[in-house]
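Take a look at the structure below.
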Amino acid sequence: MSDVIHLLPDSIANQIAAGEVVQRPASVVKEMLENSIDAGASNIKLIVKDAGKSLIQVIDNGKGMSMTDARMSFERHATSKISTSEDLFKIKTLGFRGEAMASIAAVAQVDLKTKQASDELGTHVIIESTEIKSQEPISTTKGTSVCVRNLFYNVPARRGFLKSNPVELRHIIDEFQRAALANPEVSFTFVQNDLETFNLEGGKLSKRIVQLFGKNYQQQLIPCAEETDLVKIMGYIGKPEHSKKTRGEQFFFINHRFIKNSYLNHAIIKAYEGVLKEDYFPFYTIFIEIDPIHVDINVHPTKTEVKFDDDRMLYGIINSGVRQALASYNVTPSLDFSSDVSFTHLNLQRESSTTTSKKDRDYSSFKNLENTRERLEKLNELYASVSQEETASTQEAEKERVTETVFSSAINEAPQPKEERSTYHLHDKYLLRQVKSGMMVLDKTAALERILFEQYQRSMRSKSGTSQSCMFPQQILLNHSDFSLVQEMKNEINQLGFEFEAAGQAMIIIQGVPSELAPCNEKDVFEGLIEQLKHNAQKLDIPKDESLARALAKRTAGAKCGTLKVEETDHLIDKLFACEQPNFTPEGNPTYVWVSLEQINGWFKK
């Protein structure tokens with residue numbers, strides 16, 4: 001039998017490796033920006049066309065490369081940053097694997113121009129599918145310019161998996177923002193389709209945050225700093241009142257490298273506990289400086305997932321630093337230890353209050369009950385007629401008797417529920433209905449989510465979503481990533497009944513909302529919709545129209561369920577069973593459960 005194992009050609013091996021490093025145009029942007037930063041550039045310019053599918057170019061004024069280094073940079077595992085295995089445990093640079101340029105060159109047409117300050121001429125290299133087409137001297141400025149054209153031109157299947165231009169552009173903006181935040185001292189420029197989107201001057205971190213996310217961030221930044229012998233934490237967090245329903249603007253940097261870490265994110269959210277509204281997310285940009293020996297950044301080719309040798313220690317320090325920052329700016333409540341809070345003080349205060357109430361002839365515990373005003377006047381007259389010589393016990397007994405009379409009378413006049421009622425409300429969250437075989441327990445929010453989901457789907461299919469105009473159009477400033485998402489799904493959002501228009505590069509003006517939502521807080525609803533859309537995109541692989549219907553149904557059900565009138569909730573069961581799929585929410589959670597009579601009997605029989 002002949003041998004079947006053989007070595008792959010370099011071109012195929014490089015394309016396989018590229019699948020790990022180059023997943024989309026944003027991956028190329030990330031790697032090239034990191035190379036420019038490692039080269040010591042103080043000015044970096046990013047140019048993209050067609051959301052990076054046609055062109056991605058990064059120009060920097062870094063130290064550049066020699067002729068030999070320019071050629072070697074396209075070889076696999078060629079790097080200037082790792083010499084021994086020990087170097088892997090003290091990495092301080094961004095790019096170190098030696099895979100990026102080789103992987104990019106395997107799936108695109110690359111044009112490289114570079115020059116060192118000490119050289120008279122630079123080097124110009126043209127490479128396609130790992131094949132060197134030309135290499136020659138060229139007159140150019142100090143630094144490096146890398147031009148990547150026609151990404152995945154030789155792997156059409158991979159190109160077919162790319163998303164629409166707004167989606168890919170959103171990922172590119174994310175990578176650009178991370179690089180710009182991690183290096184505020186570096187000037188960055190971003191040009192897309194010949195339109196300058198960002199022009200960021202080098203400076204302080206606070207200035208960079210405002211440059212990226214808008215001037216309204218000037219008033220919401222709180223400095224955060226904590227330092228120990230092992231780690232140093234610094235950065236900015238946002239004031240709770242400026243929190244958003246979208247999670248996007250949250251950044252962790254470990255030794256100036258952007259990372260994703262849900263455990264550390266929990267440390268910050270925990271610090272905001274008690275001062276943050278439910279389902280709202282704070283802004284934060286936190287820098288962690290730690291000895292590289294305590295961090296493993298070589299976990300994944302994208303280098304955004306890292307491991308710490310003591311993540312509990314880091315959790316505690318970050319949580320403590322954020323708590324202190326919030327407290328120092330009087331955001332979290334604090335106790336006043338200067339006042340006397342002894343039990344003696346409280347008892348004296350209570351006795352004084354009791355004495356005062358006994359002598360107060362206008363005293364009444366029913367002052368806030370509008371329906372008993374006339375009785376209260378009679379009650380006051382009764383108290384006024386009581387002589388001063390009466391003992392305290394007699395007064396209290398009389399008050400108790402009259403109070404009981406008024407209270408019972410008010411209850412008797414209140415509307416009583418009907419004796420025969422098929423649907424009952426439990427804790428304003430569930431509906432109970434008796435059936436022949438037992439009882440049905442229905443989750444109001446889940447049921448409303450299913451009803452609205454199918455309603456929104458019908459509106460999108462027939463393009464018949466009704467809109468109610470806002471009395472005062474709402475302006476919403478989004479980050480560029482969310483703005484791209486909204487622009488991508490504008491037609492579908494309009495079909496649901498939202499009316500809005502773009503104003504500038506990252507602002508929209510909401511002029512109308514779906515009629516079933518009115519009245520509502522347009523800003524909260526829209527931001528919640530964006531957050532749910534991003535969540536669906538990460539967790540689910542479904543068409544965007546279904547994702548939109550799911551997102552709005554979930555957000556609307558949670559907001560509207562508490563405001564439903566009794567008559568509306570009584571008919572909720574009928575509306576639910578008129579749906580095509582009444583048993584489950586769009587996410588697969590049950591909308592109701594049956595409790596059989598046998599089960600109920602079993603609870604009481606031994």
Side-chain angles (χ1 to χ4, degrees), residues 14 17-65 69-76 78-81 93-115 122-128 130 140-153 162 168-169 171-183 186-192 197-198 200 256-258 301-304:
N14 285 339
E20 288 291 323
V21 180
V22 185
Q23 300 174 352
R24 59 192 341 142
S27 306
V28 177
V29 170
K30 175 182 182 294
E31 299 293 346
M32 289 166 58
L33 289 177
E34 287 182 350
N35 284 341
S36 295
I37 293 166
D38 282 342
S42 61
N43 197 309
I44 300 174
K45 185 175 186 178
L46 170 64
I47 303 172
V48 299
K49 289 185 178 180
D50 193 22
K53 299 173 185 177
S54 300
L55 172 69
I56 302 173
Q57 184 176 9
V58 174
I59 306 169
D60 68 59
N61 64 345
K63 59 186 178 182
M65 292 181 284
D69 287 346
R71 173 65 185 84
M72 283 294 294
S73 66
F74 291 101
E75 296 293 335
R76 289 188 67 195
T79 178
S80 62
K81 301 157 188 176
T93 56
L94 299 175
F96 60 91
R97 288 171 174 264
E99 296 175 348
M101 295 307 296
S103 298
I104 294 170
V107 292
Q109 300 166 332
V110 181
D111 190 315
L112 169 70
K113 297 177 182 178
T114 184
K115 176 181 176 294
T123 303
H124 184 198
V125 179
I126 298 176
I127 186 170
E128 297 179 8
T130 69
T140 185
T141 58
K142 170 183 170 288
T144 302
S145 170
V146 183
C147 188
V148 178
R149 292 187 174 88
N150 301 322
L151 186 64
F152 298 132
Y153 80 102
L162 295 180
E168 297 300 340
L169 182 61
H171 287 287
I172 291 175
I173 292 174
D174 286 344
E175 295 295 347
F176 177 83
Q177 289 179 340
R178 293 165 185 171
L181 277 175
N183 303 274
V186 179
S187 297
F188 285 86
T189 306
F190 180 30
V191 178
Q192 53 160 322
T197 305
F198 292 102
L200 313 175
H256 293 270
R257 177 193 304 277
F258 173 78
T302 60
K303 302 188 288 292
T304 57

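In what follows, residues are counted from 1 in the order of the sequence shown. The structure presented is a predicted model; accordingly, all values stated were derived computationally and were not measured.
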Would you give the length of the straight line joining atom [atom1] of [X] to atom [atom2] of [Y], rounded to the nearest 0.5 angstrom?
X: Ser187; Y: Leu200; atom1: OG; atom2: CG; value: 8.0 Å
X: Lys30; Y: Asn35; atom1: NZ; atom2: CG; value: 10.0 Å
X: Met65; Y: Arg71; atom1: CE; atom2: CZ; value: 12.0 Å
X: Phe176; Y: Leu169; atom1: CZ; atom2: CG; value: 11.5 Å
X: Ser145; Y: Asp111; atom1: OG; atom2: CG; value: 7.5 Å
X: Ile37; Y: Ile44; atom1: CD1; atom2: CD1; value: 5.0 Å

Considering only heavy atoms from C-beta outward, does the side chain of [X] approach that of [Y] to under 4.5 Å?
X: Ile47; Y: Ile59; result: yes
X: Met101; Y: Val146; result: yes
X: Met32; Y: Val148; result: yes

For [X] versus [Y], what's the shortest heavy-atom pair and its separation?
X: Phe74; Y: Ala105; result: CD2-CB, 3.8 Å
X: Ser36; Y: Val58; result: OG-CG1, 3.4 Å
X: Ala102; Y: Thr130; result: O-CG2, 4.4 Å
X: Ala51; Y: Ile172; result: O-CD1, 3.4 Å

### Task
Dump the intermediate steps for side-chain contact (heavy atoms from CB on, under 4.5 Å) on Lys45 and Val191, then the final yes or no.
CA-CA 8 Å; Lys45 185 175 186 178; Val191 178; 4.0 Å; yes

Checklist entry - Any chance NZ of Lys63 has more than 12 other-residue heavy atoms, nucleotides or ligands included, within less than 6.0 Å? => result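 No, the 6.0 Å shell around NZ holds no more than 12 heavy atoms from other groups.
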
Lys53, NZ: over 12 other non-hydrogen atoms inside 6.0 angstrom: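 For Lys53, atom NZ is crowded (more than 12 foreign heavy atoms under 6.0 Å).
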
Is a side-chain donor or acceptor of [X] paired with a backbone partner of [Y] at a separation under 3.5 angstrom?
X: Lys113; Y: His124; answer: no
X: Asn61; Y: Asn43; answer: yes
X: Lys49; Y: Ile56; answer: no

Just one of Thr140, Thr144, Asp60 clears the side chain to side chain donor-acceptor pair (under 3.5 Å) bar with Thr114, so which one?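 Of all the options given, the one that passes is Thr144.
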
| query | Relative to each other, are the rings of Phe190 and Phe198 parallel, tilted or perpendicular (30° and 60° limits)? | reply |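 Rings of Phe190 and Phe198: parallel, under 30°.
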
- Message: As a quick check of understanding, evaluate side-chain contact (heavy atoms from CB on, under 4.5 Å) for Leu151 and Val22, giving each step before the final call.
- Response: CA-CA 10 Å; Leu151 186 64; Val22 185; 4.2 Å; yes

